[in-house]
Amino acid sequence: MTELQETRAILTKEDLIHAFKNCGLREGQHIFVHTSLSKLGFVVGGAETLIRSLLEIIGEEGTLMMPSQTWKNLDPSTGVHSEAPTEWWPIIREYWPPYDKEITPAIGMGVVAEMFRKWPGAKRSNHPARSIAAVGKHAEYLTQNHDLCNIFGKNSPLDKLYHLNGYVLLIGVGYNKNTSLHLAETIANFPAKKFVHESSAIMEEGTRKWVTYETQAVDDGDFVRLGNEYDKEMNIKIHRIGNAEVRFLEQRPLVDWAAAWMERNRV
């Protein structure tokens, strides 16, 4: 019986630290990380090793941020419970557990983000559907006062990172996973911009409540096209770590460029 040839790279913490430093990561930076662990190959120690490598690079003066969204905590009419028949919707609205930032799992964000939200010293924002988690110097600042209606705009975690001259690290994922582009959507003026009502279960003064709030509708349908043009125009270097493509981007120039692009290209 022929043994299948292994195509995955194998990476230790030391390998990751060396590789990420080659991408430009440095002590004291504040970085929003989006990652697909499996795309790297076989990381010895998995998500724990990846998180430890990044924290070791940025040190005590730096901050890591990751998405910890709980988007199942939205009204079933939005399609987040597509497996549930419509007659179940009233029951979901009445009984879906209220967001608890200590307990509610990050949904669909990957094993790294799920481990990260529970990391010692981690802070997590209190938005019931679109929370982010952070560890490091500015973790408290980045995660506090995450307004229900203002998910990605002014004074949101994304906007605070922008004002800290932060960075975006894409590990094995593309621009369709680049949450900072939603900040650009809030800045840009384009005719198709609209606002929607969303609903989530929250705890308020010890009581579960199903609350409805207005927020800007997001649209990531053109993010890949936008990103491809940004890579080309700004000559963005695409690194390889293990089997993964990796981009390390300054967030502020990306957001400013993306907002201008949206104003030109969105109708």
Side-chain angles (χ1 to χ4, degrees), residues 24 29-35 62-71 74 78 109 113 123-134 138-170 173-198 200 212-236 247-267:
Q29 291 172 338
H30 314 298
I31 307 170
F32 197 4
V33 181
H34 302 272
T35 181
T63 317
L64 286 187
M65 190 163 91
M66 294 191 197
S68 59
Q69 297 182 26
T70 54
W71 48 265
L74 287 170
T78 62
M109 300 292 108
K123 306 295 182 183
R124 192 181 189 188
S125 72
N126 55 9
H127 198 281
R130 307 291 188 183
S131 67
I132 65 98
H138 293 302
E140 183 74 40
Y141 164 70
L142 287 165
T143 56
Q144 66 188 2
N145 303 322
H146 195 174
D147 187 75
L148 259 181
C149 299
N150 189 16
I151 299 171
F152 299 121
K154 189 172 177 60
N155 294 322
S156 69
L158 286 172
D159 183 57
K160 291 174 181 177
L161 184 69
Y162 178 96
H163 289 287
L164 288 173
N165 293 314
Y167 295 82
V168 174
L169 179 62
L170 304 177
V173 298
Y175 282 93
N176 58 319
K177 301 294 185 184
N178 192 343
T179 310
S180 290
L181 296 179
H182 291 311
L183 173 59
E185 284 189 294
T186 71
I187 296 169
N189 291 309
F190 49 89
K193 183 180 287 196
K194 64 178 181 178
F195 290 79
V196 294
H197 287 93
E198 295 188 342
S200 302
T212 299
Y213 47 97
E214 185 181 64
T215 185
Q216 183 175 326
V218 295
D219 178 12
D220 61 6
D222 55 8
F223 282 8
V224 172
R225 177 185 157 210
L226 181 159
N228 288 337
E229 293 187 25
Y230 187 72
D231 283 349
K232 187 175 180 181
E233 184 171 323
M234 305 302 288
N235 197 27
I236 298 300
R247 290 173 176 84
F248 186 55
L249 312 164
E250 292 180 82
Q251 192 215 34
R252 185 190 283 253
L254 168 67
V255 169
D256 292 346
W257 187 95
W261 186 94
M262 290 174 187
E263 291 183 350
R264 294 193 308 271
N265 290 279
R266 290 190 174 186
V267 294

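We number each residue from 1, following the sequence as shown.
Between the H146 side chain and the I151 main chain, a donor and an acceptor come within less than 3.5 Å of each other.
With sequence neighbours excluded, the residues satisfying side-chain hydrogen bond (donor to acceptor under 3.5 Å, both in side chains) with H182 are E185. Applying the side-chain contact (heavy atoms from CB on, under 4.5 Å) test to D231 and every residue at least two apart in sequence or in another chain returns Y175, I236, I238, R247. For S200, the side-chain hydrogen bond (donor to acceptor under 3.5 Å, both in side chains) partners at least two apart in sequence or on another chain are Y213. Annotation: ring pair (Phe, Tyr, Trp, His ring centres under 6.0 Å) contacts of Y141 (sequence neighbours excluded): none. Under the side-chain hydrogen bond (donor to acceptor under 3.5 Å, both in side chains) criterion, D222 pairs with R266, not counting sequence neighbours. Residues forming a side-chain contact (heavy atoms from CB on, under 4.5 Å) with N155 (at least two apart in sequence, or on another chain): D159.
Closest approach of Q69 to R130, counting heavy atoms only: OE1-NH1, 3.0 Å. Pairing each heavy atom of K160 with each of L142, the nearest pair is CB-CD2, 3.7 Å. Annotation for Q251 and S180: closest pair NE2-OG, 3.0 Å, computed over non-hydrogen atoms. Closest approach of I187 and E263 over heavy atoms only: O-OE2, 4.3 Å. Closest approach of S131 to S68, counting heavy atoms only: OG-O, 2.6 Å. A pairwise comparison of heavy atoms in F223 and M262 identifies CE1-CE, 3.9 Å as the closest pair.
At a threshold of 4.5 Å between non-hydrogen side-chain atoms, the residues I132 and R124 do not count as touching. Two residues are said to be in side-chain contact when any heavy atoms from C-beta on lie closer than 4.5 Å; R225 and N265 meet this criterion. Put simply, the side chain of T63 does not reach to within 4.5 Å of the side chain of I31, judged on heavy atoms.
Distance check, rounded to the nearest 0.5 Å: OG of S156 to CG of L161 gives 9.5 Å. Taking NE2 from H138 and CD from Q144, the interatomic distance works out to 11.5 Å, rounded to the nearest 0.5 Å.
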**Item:** Test side-chain contact (heavy atoms from CB on, under 4.5 Å) applied to E214 and V196, step by step
**Value:** CA-CA 6 Å; E214 185 181 64; V196 294; over 6 Å; no
